[in-house]
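In what follows, a structure is listed as structure tokens, so that the remarks can point back to it.
In listed order, ligands and their atoms are each counted from 1. When reading the values below, keep in mind they use all heavy atoms of this one structure, side chains included, and skip hydrogens, waters and symmetry mates.
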Amino acid sequence: MAAKVTVIGSINMDLIAEAERFPRKGETLLGGDFHTIPGGKGANQAVAAAKLGAEVTMVGCVGDDTFGQPLIAHLKEQGIFNVNVEPVTHFPTGVAQITVAEQDNTIIVVPGANNQVTPEVVRQNEKAIQESDILLLQFEIPLESVEEAVNLANKHNTTVVLNPAPMQSVSLGLLEKVDFLTPNEHELTELLDTEEKKQFYEQHRGKFFVTQGSNGVQFVEGDQETLVPSYKVEVKDTTGAGDTFNGGFSVALAEGKSFSEACRFGNAAAALSVSQFGAQTGMPNREDVLRLLD
Ligand code: ATP
């Protein structure tokens, strides 16, 4: 039976304009190519987990507008088993306005309907949380909804993986209630913004799986600090590497694999994703990952 993963998180349309350079303040610039691509950390991680073989429930909100229905249809096409996403009126679908220029990018994320993923919406999905092996969360929906989801998961003994991105200042209580955190190195520093949280980190290092880009991922088991190295690939586009890692790591944990095996599985999936263009478009399927792990 497939592992069950519920993702409660953001669903965005990424609007990507390519230009030779960034516009100056007040300037209008003619661009090059334009792309409209499904994104949002929640949706990205849900798609990654579905492609990697899990039975995924995606909970989120889109707007009742041009982007809403196509994004719902897209999630279904990507093999998401249960799409609990209804368009909400009066709020636009979340968008990320991305400018790509000078081998870099600037991004403005407008959460829109993602802010309507309220604690009430979370409670409506209690059954999915209860029936899942893993609840996978990020920080692109309101923090109170993340907290509600974690409380329900704790109530039903569902394991929680929290990818703390983009960083929001969180209570120590929340850190105590989640089972695994998957910050990158930068997010880890931001997460530990009080002495209390730094102390908590020292005492609970086993909860933290710190992704380190091309180096891989580091975790602590007992007294042992382990770096699970990434796979060497020809890098085309690192967008969505973290999301693919989180999807893969969660699927492997849900299947009962050990921490180091789950990290290897996540690393292999993420490495394959950086060797392709796009976030969701570059995500590998399970067979590709198993071949790399062989
Ligand atoms: P992003 O925000 O770009 O999606 P992130 O900053 O959240 O990613 P990273 O630590 O950069 O997360 O990368 C996540 C994982 O992706 C790493 O642990 C590693 O497994 C894989 N990865 C990232 N970059 C590379 C690379 N250049 N080569 C191989 N694997 C990579």
Taking only distance into account, with no hydrogens and no angle test, what donor-acceptor pairs under 3.5 Å do side-chain atoms of residues 231-238 form with protein atoms, sequence neighbours excluded?
residue : atom : partner : partner atom : Å
D237    : OD1  : T239    : N            : 3.0
D237    : OD1  : T239    : OG1          : 2.5
D237    : OD2  : G278    : N            : 2.8

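- Here E144 pairs with nothing under the side-chain hydrogen bond (donor to acceptor under 3.5 Å, both in side chains) rule; sequence neighbours left out.
- Ion pairing between a basic and an acidic side chain is recognised when a charged N comes within 4.0 Å of a carboxylate O; R291 and D294 show no such pairing.
- Salt bridge annotation for E195-K198: present, with a cationic side-chain nitrogen under 4.0 angstrom from a carboxylate oxygen.
- Applying the side-chain hydrogen bond (donor to acceptor under 3.5 Å, both in side chains) test to residues at least two apart or on different chains, the pairs with a partner in residues 274-283 are N44-Q280, H74-Q280.
- Protein residues with any heavy atom under 4.0 Å from ligand 1: N184, T211, Q212, G213, S214, G216, S230, Y231, V235, T238, G240, A241, G242, N267, A270, A271, V274.
- When all heavy atoms of N246 and L136 are compared, the closest pair comes out as O-CD2, 4.1 Å.
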